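Naming: A, B, ... by sequence-line order, numbering from 1 per chain. Every heavy atom of this structure was used, including side-chain atoms; hydrogens, water molecules and symmetry mates were not. Source: prediction; values computed, not measured.
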Amino acid sequence: MTADPYAATESETTQGRVFTVTGQDWDSIVTGIAEDQDDKVVVNMGPQHPSTHGVLRLILELEGETVTEARCGIGYLHTGIEKNMEYRTWVQGVTFCTRMDYLSPFYNEATYVLGVEKLLDITDDIPEKAQVMRVLLMELNRISSHLVCIATGGMEIGALTVMTIGFRERELVLDLFELITGLRMNHAFIRPGGVAQDMPAGALDEIRDFIKLMKKRLPEYADLCNANPIFKARLVDVGHLDLAGCLALGLSGPPLRATGYPWDLRKSQPYSGYEDYDFEVQTWDTADAYGRFRIRLAEMWESLKIVEQAVERLAGLEGAPVMVADKKIAWPSQLAIGSDGMGNSLDHIKHIMGESMEGLIHHFKLVTEGFRVPAGQAYVPIESPRGELGAHVVSDGGTRPFRVHFRDPSFTNLQATSVMSEGGQVADVIVAIASIDPVMGGVDR
Amino acid sequence: MTDGQDPSTDVVAADAAPVAAGEVISRHEGMFGVSGTGDTSGFGGLVRTVELPGASTPPYGGWMDDVASDLATAAAAAGVENAVEKVVVHRDEITFFIRREDLLPVVKLLRDDEKLRFEFCAGVNGVHYPDDAGRELHAVYHLLSMTHNRRIRLEVTAPDADPHIPSVCATYPTADWHEREAFDFFGLIFDGHPALTRIQMPDDWPGHPQRKDYPLGGIPVEYKGATIPPPDQRRSYN
């Protein structure tokens with residue numbers, strides 16, 4: 001019989017005894033530690049662990065059940081997206097950055113595109129319909145992202161029903177994304193100058209049905225969790241971080257608002273026309289994991305409100321342009337649904353292949369070379385579901401980004417792991433991290 | 001072929017013109033991998049100068065003047081009156097170029113001074129300008145004042161030969177991971193950082209991947225008999 005590579009092992013190192021356990025073999029570690037005089041145990045948790053909220057490695061120093069030190073190891077999902085973007089055109093960059101924080105793709109696209117548009121100095125030329133569609137998609141995305149946060153957060157503390165209903169509703173949002181953009185994630189839909197295509201027929205009715213359904217379903221989360229004694233016992237007073245701590249560590253989003261400070265970039269520094277929508281900034285005053293949960297729940301209601309208003313505005317904008325009028329920037333072709341799925345619109349192909357040589361040249365130049373963006377740098381942060389998400393966009397005047405750096409809120413907020421969990425119990429580390437809601441695709445990029 | 005349109009004289013003329021507010025940092029010749037004469041495509045004669053927005057002079061407009069003058073007053077009181085090398089206002093965003101030796105007192109003033117109150121640091125980002133001699137590495141800080149609802153940008157430069165910049169961790173603890181990332185990707189050494197180690201790349205990784213002299217990597221892809229080189233080796237418009 002060959003040796004089981006996953007079997008429990010034990011070895012001596014200069015740092016002390018090392019146990020490798022994978023579950024169901026805890027006896028070896030228990031007896032091993034009992035022999036040692038030292039109470040201190042360093043536990044490596046992850047990067048492949050179902051409760052670390054992604055490919056996150058935690059290094060915990062324990063004394064009994066108490067965490068005395070907690071450190072994060074990140075970088076397991078680093079894919080070099082920022083470097084890759086330097087070798088593609090400005091429009092292609094959207095295709096890359098949408099894959100960073102995979103739970104809020106529209107926000108990645110939006111902050112990058114807003115930066116590019118600022119450098120192009122066309123921020124005021126973006127058509128109204130494109131703005132409304134961006135807001136609509138971002139707010140639907142906020143709902144789906146918060147649902148995943150609540151769902152996985154519930155799963156990590158053993159509340160499996162919260163997970164199943166969370167993913168049930170998220171699926172409905174993804175269906176809407178698929179209807180509008182053609183894809184459930186990695187949309188590359190928000191482009192410099194506007195959005196990739198117009199709303200498809202019947203989409204507004206689908207969204208209205210979704211809003212109606214969500215208004216019935218959202219109270220289920222409140223009924224399940226808000227006053228649930230087990231849920232509260234796990235979340236209340238766990239992962240505490242007050243306002244001073246949040247600002248020092250650069251935390252934004254729900255953790256900051258859970259301290260009672262109503263800071264929301266949609267209100268304080270509006271972009272994409274957020275000043276035209278009626279909604280409230282949600283706060284809580286406990287600065288703990290429970291407060292962050294309640295804020296996310298309440299924000300989903302606010303997002304529904306914004307989606308409702310956006311749908312009404314879109315109903316009055318039928319046929320309006322969704323791309324900037326400047327043909328030197330606007331993507332030449334629009335997508336259309338054909339018999340074999342989505343692709344370039346046949347009308348456009350007919351135009352450039354059969355009718356207009358200039359049209360073909362223009363299409364070729366814009367698609368292969370792209371447009372040039374004036375040299376300079378811009379930073380247009382937006383309020384993503386996790387906090388301040390901003391792209392620092394640097395151009396040298398060429399057809400490609402010179403440097404794009406994403407200030408991802410997951411990356412910054414994750415720094416609070418040690419402060420939030422040291423002195424607590426091992427089980428609280430999971431809750432504290434889930435309450436930050438880090439998405440490792442955004443942390444590592 | 002190049003008579004009368006010698007690219008070098010054009011550049012000198014552009015450089016000497018006092019109206020050119022921009023700052024020329026590099027010059028690209030040719031396109032599609034073609035440079036110099038001997039090629040009839042004409043691409044070899046193309047010249048592109050990279051010109052970043054240059055220094056602005058006051059008034060900068062609106063609250064930016066307040067921040068600039070408040071910072072100047074506070075810096076003078078703290079004995080670092082020459083801290084600001086230049087101010088660039090571009091696309092409604094203000095950038096203060098800070099001498100690296102004065103960075104620490106300046107960020108402390110920016111955070112603590114009552115009129116400034118930039119209590120939130122959104123992070124540190126590196127940018128590598130390989131042709132900007134003596135100022136190749138830039139560290140860019142985005143600061144936010146929630147009290148006054150303003151945003152500014154600080155930029156600190158360091159030469160490749162001496163990539164040291166003081167760490168702002170003591171003032172903005174959030175810069176911890178951001179500085180580690182800038183070190184990891186650019187080789188910027190933040191003096192005074194509590195534990196400046198790699199954060200995204202493995203600990204034993206050679207080189208700093210976001211630098212311009214670090215290749216993207218990749219292998220040629222063959223498809224139906226044709227071979228497509230990796231993205232960084234393809235012909236490009238830049």
- Task: Using non-hydrogen atoms and a 4.5 Å limit, figure out which bit of B/E155 sits close to chain A: side chain, backbone, both or neither.
- Result: side chain
- Note on the structure: Comparing A/T412, A/L247, A/L119, A/V443 against chain B, the one with the most heavy-atom pairs below 4.5 Å turns out to be A/L119
- Is it true that A/E117 and B/R91 make a salt bridge, defined as a side-chain N closer than 4.0 Å to a carboxylate O? no
- Starting at CG of A/L243, measure out to CE of B/M146 and round the result to the nearest 0.5 Å. 8.0 Å
- List the atom of B/E51, the atom of A/A375, and the distance in Å for their closest heavy-atom pair. O-CB, 3.2 Å
- Query: Under 4.5 Å, heavy atom to heavy atom, which residues of residues 113-121 of chain B contact chain A?
  - Reply: B/E119, B/F120, B/C121
- Identify which of B/D176, B/T174, B/V88 forms the greatest number of heavy-atom pairs closer than 4.5 Å to chain A. B/T174
- Message: Quick check on A/L77 against chain B: is it the side chain, the backbone, both or neither that has a heavy atom closer than 4.5 Å?
- Response: neither
- Message: Heavy-atom pairs under 4.5 Å with chain B - which of A/L251, A/L249, A/T368 has more of them than the others?
- Response: A/L249
- Query: Can you tell me if A/Q269 uses its side chain to pair, donor with acceptor, with the backbone of B/R150 under 3.5 Å?
  - Reply: no
- Item | Options B/T171, B/D232, B/N149, ranked by heavy-atom pairs under 4.5 Å with chain A, top entry | B/N149
- Message: Contact between B/N125 and A/R403 at the side-chain level, heavy atoms closer than 4.5 Å - yes or no?
- Response: yes
- For the pair A/R407 (side chain) and B/G123 (backbone), establish whether a donor and an acceptor sit closer than 3.5 Å, ignoring hydrogens and angles. no
- Options A/T89, A/N84, A/T123, ranked by heavy-atom pairs under 4.5 Å with chain B, top entry: A/N84
- A/K83 versus B/Y214: any side-chain heavy-atom pair under 4.5 Å? yes
- Query: A/F402 versus B/V127: any side-chain heavy-atom pair under 4.5 Å?
  - Reply: yes
- Message: Contact between B/E93 and A/Q377 at the side-chain level, heavy atoms closer than 4.5 Å - yes or no?
- Response: no
- Task: Inspect the contact between B/R211 and A/E86 and indicate whether a charged nitrogen and a carboxylate oxygen are less than 4.0 angstrom apart.
- Result: no
- Task: Give the C-alpha distance, both sets of side-chain angles, the deciding distance and a yes or no for salt bridge (charged side-chain N to carboxylate O under 4.0 Å, His left out) between A/D396 and B/K212.
- Result: CA-CA 13 Å; A/D396 69 344; B/K212 289 286 175 189; over 6 Å; no
- Message: Are more than 12 heavy atoms, taken from residues, nucleotides or ligands other than B/K86, located less than 6.0 Å from that residue's NZ atom?
- Response: yes
- Item | Closest non-hydrogen atom pair between B/A122 and A/E388, with its separation | CB-OE2, 3.5 Å
- Task: Sort by residue number and list every member of residues 132-145 of chain B having a non-hydrogen atom under 4.5 Å from chain A.
- Result: B/V140, B/H142, B/L144
- Message: Quick check on B/R234 against chain A: is it the side chain, the backbone, both or neither that has a heavy atom closer than 4.5 Å?
- Response: side chain
- Query: Do you know which of B/M201, B/R198, B/E181, B/H90 has the most heavy-atom pairs under 4.5 Å to chain A?
  - Reply: B/E181
- Compare every heavy atom of B/P173 with every heavy atom of A/A248, then report the nearest pair and how far apart it is. O-CD, 3.3 Å
- Item | Rounded distance (nearest 0.5 Å) linking atom CD of A/E82 with atom CD of B/Q200 | 8.5 Å
- Heavy-atom pairs under 4.5 Å with chain B, option from A/H78, A/Q415, A/R445, A/H392 with the top count: A/Q415
- Measure the spacing between CD1 of A/I74 and CZ of B/R180 and express it to the nearest 0.5 Å. 7.0 Å
- Message: Please classify the contact of B/P215 with chain A as side chain, backbone, both or neither, using a heavy-atom distance under 4.5 Å.
- Response: backbone
- Task: Please work out whether the ring planes of B/H178 and A/F411 are parallel, tilted or perpendicular, with thresholds of 30° and 60°.
- Result: perpendicular
- Structural part of A/P409 lying under 4.5 Å from a heavy atom of chain B: neither
- Query: Do the non-hydrogen side-chain atoms of B/Y129 and A/V394 ever get within less than 4.5 Å of each other?
  - Reply: yes
- Interchain contact, A/L389 with chain B, by part (heavy-atom threshold 4.5 Å): neither
- Residue part contacting chain A, namely of B/R111, when any heavy atom lies under 4.5 Å: neither
- Would you say A/R400 and B/S236 make side-chain contact, with heavy atoms under 4.5 Å? yes
- Query: Do the side chains of A/C72 and B/W177 get nearer than 4.5 Å, heavy atoms only?
  - Reply: yes
- Note on the structure: Here the pair of heavy atoms bringing A/Y379 nearest to B/R151 is CE2-NH1, 3.7 Å
- Interface check, chain A: of B/A175, B/G126, B/G217, B/S26, most non-hydrogen pairs under 4.5 Å belong to B/G126
- Task: Check whether B/T95 gets within reach of chain A through its side chain, its backbone, both or neither, counting any heavy atom under 4.5 Å.
- Result: side chain
- Heavy-atom contact with chain A under 4.5 Å, split by part of B/P209: backbone
